[in-house]
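Below: one structure, written as structure tokens.
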2 protein chains.
Amino acid sequence: MRKVTMDDVAKRCKLSVATVSRVYTNPEKVSPKNREKVYRAIEELNYQPNMLARNLRKLQTNSILVVIPNIMNTFFSYILKSIQNTAFENGYQVLLGDTDKSPEMEEKYLHLLQQKMVDGVIFLYPRMHPSEIQRVIDKHPVVIVGHQETPADIPFVINNNRLSSQTATEHLIRLGHRRIAYFSGPLGLSLSKERQEGFFSAMEAHGLAVDESLVCEGDFYFQSGYDLALQMLASPNPPTALVAASDEMAIGAMKAARKLGISIPDEFAVVGFDDIKMALICEPPLTTMAQPKEDLGRISVEMLIRMMKGEPLSSKHVILNDELVIRESCGFHLNRL
Amino acid sequence: MRKVTMDDVAKRCKLSVATVSRVYTNPEKVSPKNREKVYRAIEELNYQPNMLARNLRKLQTNSILVVIPNIMNTFFSYILKSIQNTAFENGYQVLLGDTDKSPEMEEKYLHLLQQKMVDGVIFLYPRMHPSEIQRVIDKHPVVIVGHQETPADIPFVINNNRLSSQTATEHLIRLGHRRIAYFSGPLGLSLSKERQEGFFSAMEAHGLAVDESLVCEGDFYFQSGYDLALQMLASPNPPTALVAASDEMAIGAMKAARKLGISIPDEFAVVGFDDIKMALICEPPLTTMAQPKEDLGRISVEMLIRMMKGEPLSSKHVILNDELVIRESCGFHLNRL
DNA sequence: CCATTACATGTATGCGTTTACAAAGATTCT
DNA sequence: AGAATCTTTGTAAACGCATACATGTAATGG
């Protein structure tokens, strides 16, 4: 029982390869009688079309590449999951490109486009410079998720970082906090800057001074939130609340507070960003700006598919809104705004 | 700037396609002088070989499929990450197949093998029946991770569930606990059964009776641990310790304990299984059996690559040992065994 | 100096499909 | 009935590369 090709099934049912091929691509073009014969032959021989040949002939692979900073991060993997689901429903395979946040890796993966290994790519939170991206992809279908600094007109879908950060900050202000700290992500990233701006503008809008010593740059991860908070909370004039640009940092900060015997939310309120799985499970459950992860994934795939099919995009840039989910880390958790 | 093929670069440097092709596959077979010319032409034309053609010609894709129950689960995604890294280092792409634990999805993804879309697959924690797997893969390279019920001789790499569960239980026993609860995973899975056996055998070995009302079947996830513990801890005669077959369930149980005002580890000790990221971050940090996730991933890829190359396997079945990492959820956390 | 070998290159075939085109058969219309 | 049209099928040419084989050229040995 060696490899069975389309020729074999053609012989088997005494038809040409062309008609056999047609029952796959244009079943309605072949007579019901012969179609039946072909199906039977396929069944009997347990034939499966060779995708390599099909791909070469059609010059497409029906697969897309997802370039992702880190699959271990549940925020990213949630989006990835949404992407995979949507892709699968539409008959696309997804190739995984975990970059460990390295621009070099990003570029390597992008080359799969010119090599025709994938028909398109979804680029999650790129670190590469936009103009570099443009240079590499050279008119291939790409949609970017989570980053809008794209002078080249690459389609993207993002959330409204500035607004959301503002909302988070205002939540704390409304709760009576005046001395509020802010932990940002790496400021090299535009989304970090946007979120930081949102914080500043909310403070300003309410006539609150920002103590610069209370705004620090982290790296989005747990440890940095922990370290930063440990130091800050032990200082002479600690903040009463914190806006963190990621849930992990927020949770790290809470852990630091607990270590110092500072109770949350009574003595220290914190709000995070992302709504990762842990936000619900940690102690106390974290109030956070929930990003529309599912939509980010789904919409990006839908856009990409349209591009790959050469259909027009209703809009090249999609901006989604986040939602403040209030749990217990800020107090007054029964108040729905 | 149209699609540039190997013919173009051949013309450009006034050589045949054969020699151009050879600088990719057997550079040493072409004279240094011409090799240089080819390189230059490639550079000038910005040529990238078309993988579709190459794949068809060589009847292989240099990519592997990873079938995975759920990428959102950091335990799985850790292994996936290790797989991706190893694959990348060896020049392989990884295609993602998230199944949401559905055997039907598993089977669909497995078909990519016969369709030649991938050269081999790594099958993480399959739910399909082994004989079904055998039927579908039909002599293609496959290695299974985390499941050994494979009458068909498919290579696998697993951890020693029975032993580890025993070790975890003994840790609690040594700490003086006698009334110990056990939360298992779905008992349809062989690894759940193995872990449960380990628990029972440890108890028996120490002459301890197992109260059947204290062993419950969960589903590995947070919520089930929470629900089970909430009920059990509120009962008249609660256990003083718990062995959970997953970290998520363990953390769920700790959360339930906290809700009931039961202090950990003083009134209730718990040990988990897996050593997921959250185990370090949760409160208190969880003592757990750490699986060799990195090795599980790396070794499975290494085995698969050998198989794809037709090289012999030094051993078809690899069994790795877990490691008890002692943190604070059982007390006496300064004691290294 | 020619026979033998080693090396470098070119020619041409095939990998397994899809599809444009041609051909043949069935159907409709005048 | 013959022309015109539609439907169904077959023939053959790609798709872009790798490679067996043939050819040509340089190096080696007697």
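So you know, we letter chains A, B, ... as the sequences are listed, proteins then strands, and number each from 1.
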[atom1] of [X] versus [atom2] of [N]: gap in Å, rounded?
{"X": "B:Met6", "N": "D:dT19", "atom1": "CE", "atom2": "P", "answer": "11 Å"}
{"X": "B:Asn55", "N": "C:dG14", "atom1": "CG", "atom2": "P", "answer": "21 Å"}
{"X": "B:Asp7", "N": "D:dA18", "atom1": "CG", "atom2": "C1'", "answer": "13 Å"}
{"X": "B:Gln114", "N": "C:dG16", "atom1": "CD", "atom2": "P", "answer": "16 Å"}
{"X": "B:Gln48", "N": "D:dC17", "atom1": "CD", "atom2": "C1'", "answer": "15 Å"}
{"X": "A:Asn50", "N": "D:dC15", "atom1": "CG", "atom2": "C1'", "answer": "13 Å"}
{"X": "B:Leu59", "N": "D:dG16", "atom1": "CG", "atom2": "P", "answer": "18 Å"}
{"X": "B:Arg35", "N": "C:dC7", "atom1": "CZ", "atom2": "C1'", "answer": "13 Å"}

Given that B:Thr19 and B:Leu56 both sit by DNA chain C, which one's nearest nucleotide is further toward the 5' end?
B:Thr19
Which is true for [X] with a 4.0 Å heavy-atom rule: it touches a base, it touches only sugar-phosphate, or it touches nothing?
{"X": "B:Thr5", "answer": "sugar-phosphate"}
{"X": "B:Ser31", "answer": "sugar-phosphate"}
{"X": "A:Leu15", "answer": "sugar-phosphate"}

Considering residues at least two apart in sequence or located in another chain, which fulfil the salt bridge (charged side-chain N to carboxylate O under 4.0 Å, His left out) criterion with A:Arg127?
none
Determine whether more than 12 heavy atoms belonging to other residues, nucleotides or ligands lie under 6.0 Å from atom CD of A:Glu43.
no
Just grab all the salt bridge (Lys or Arg N to Asp or Glu O under 4.0 Å) pairs involving residues 77-92 of chain A, residues at least two apart or on different chains.
A:Lys81-B:Asp98, A:Lys81-B:Asp100
From C-beta outward on [X], which listed nucleotide comes closest to its side chain: [options]?
{"X": "B:Ala18", "options": "C:dG16, C:dG10, D:dC17", "value": "C:dG10"}
{"X": "B:Ser16", "options": "D:dC15, C:dT11, C:dG16", "value": "C:dT11"}
{"X": "B:Ser21", "options": "D:dA18, C:dT17, D:dC17", "value": "D:dA18"}
{"X": "B:Arg22", "options": "C:dT17, D:dA18, C:dG10", "value": "C:dG10"}
{"X": "B:Arg57", "options": "D:dA18, C:dT17, C:dC15", "value": "D:dA18"}

So, is A:Tyr24 close to the C:dT19 phosphate, meaning a side-chain N or O under 4.0 Å from OP1 or OP2?
no
Aromatic ring proximity, centroids under 6.0 angstrom, A:Phe88 and B:Tyr109
yes
Could you check, using the six-membered ring where one of them is a Trp, whether A:Phe123 and A:Phe156 have ring centers closer than 6.0 angstrom?
no
